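Taking it in order: structure first as structure tokens, then the write-up.
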Amino acid sequence: MSTDEAAESLGVSRPTLVKLLESGEIAYQCATDRPGAHRRVKLQDVLAYKERRRAERRRLLDELTTESVGAGMYDKPANEF
């Protein structure tokens, strides 16, 4: 898929996606060997990144919930925070 399609699928901008590609977060291939060539991303790599991101968010949310319960804040109304 193109970088535009991959960025749209992830809900990020194309420049943000390019940073993810260049940092190695998501694998990609160049369409040709020449500099400035179009990058191509496999759907399975985009979906795998999306799942890793979802799992990390879930882990962090669970951690925050555990900390809130431990601090006795879980049962407080929202306007008391």
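The model shown is predicted, which means the values in this text are computed figures rather than measured ones.
- Partners of E25 under the side chain to side chain contact (heavy atoms under 4.5 Å, CB included) rule, at least two apart in sequence or in another chain, are L20, S23, Y49.
- D62 pairs by the side chain to side chain donor-acceptor pair (under 3.5 Å) definition with R58, not counting sequence neighbours.
- Scored by the side chain to side chain contact (heavy atoms under 4.5 Å, CB included) test, K19 finds no partners at all (sequence neighbours excluded).
- More than 12 heavy-atom neighbours from other residues, nucleotides or ligands sit within 6.0 angstrom of CD on E22.
- Under the rule for a side chain to side chain contact (heavy atoms under 4.5 Å, CB included), the partners of L47 that lie at least two apart in sequence or sit in another chain are L43.
- The minimum heavy-atom distance linking L21 with A27 is given by the pair CD2-O, 4.2 Å.
- Residues forming a side chain to side chain contact (heavy atoms under 4.5 Å, CB included) with T66 (at least two apart in sequence, or on another chain): none.
- Partners of E8 by salt bridge (charged side-chain N to carboxylate O under 4.0 Å, His left out), not counting sequence neighbours: none found.
- For the atom pair CD (Q29) and CZ (R39), the distance works out to 13.0 Å, reported to the nearest 0.5 Å.
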Got a list of side-chain donor-acceptor pairs under 3.5 Å for residues 10-18, not counting sequence neighbours?
residue : atom : partner : partner atom : Å
S13     : OG   : T16     : N            : 3.2
S13     : OG   : T16     : OG1          : 2.9
R14     : NE   : T3      : OG1          : 3.1

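- Expressed to the nearest 0.5 Å, how far CZ of R52 lies from NZ of K50 amounts to 13.0 Å.
- The closest side-chain heavy-atom distance from S2 to R40 is below 4.5 Å.
- With sequence neighbours excluded, the residues satisfying salt bridge (charged side-chain N to carboxylate O under 4.0 Å, His left out) with R59 are E56, E63.
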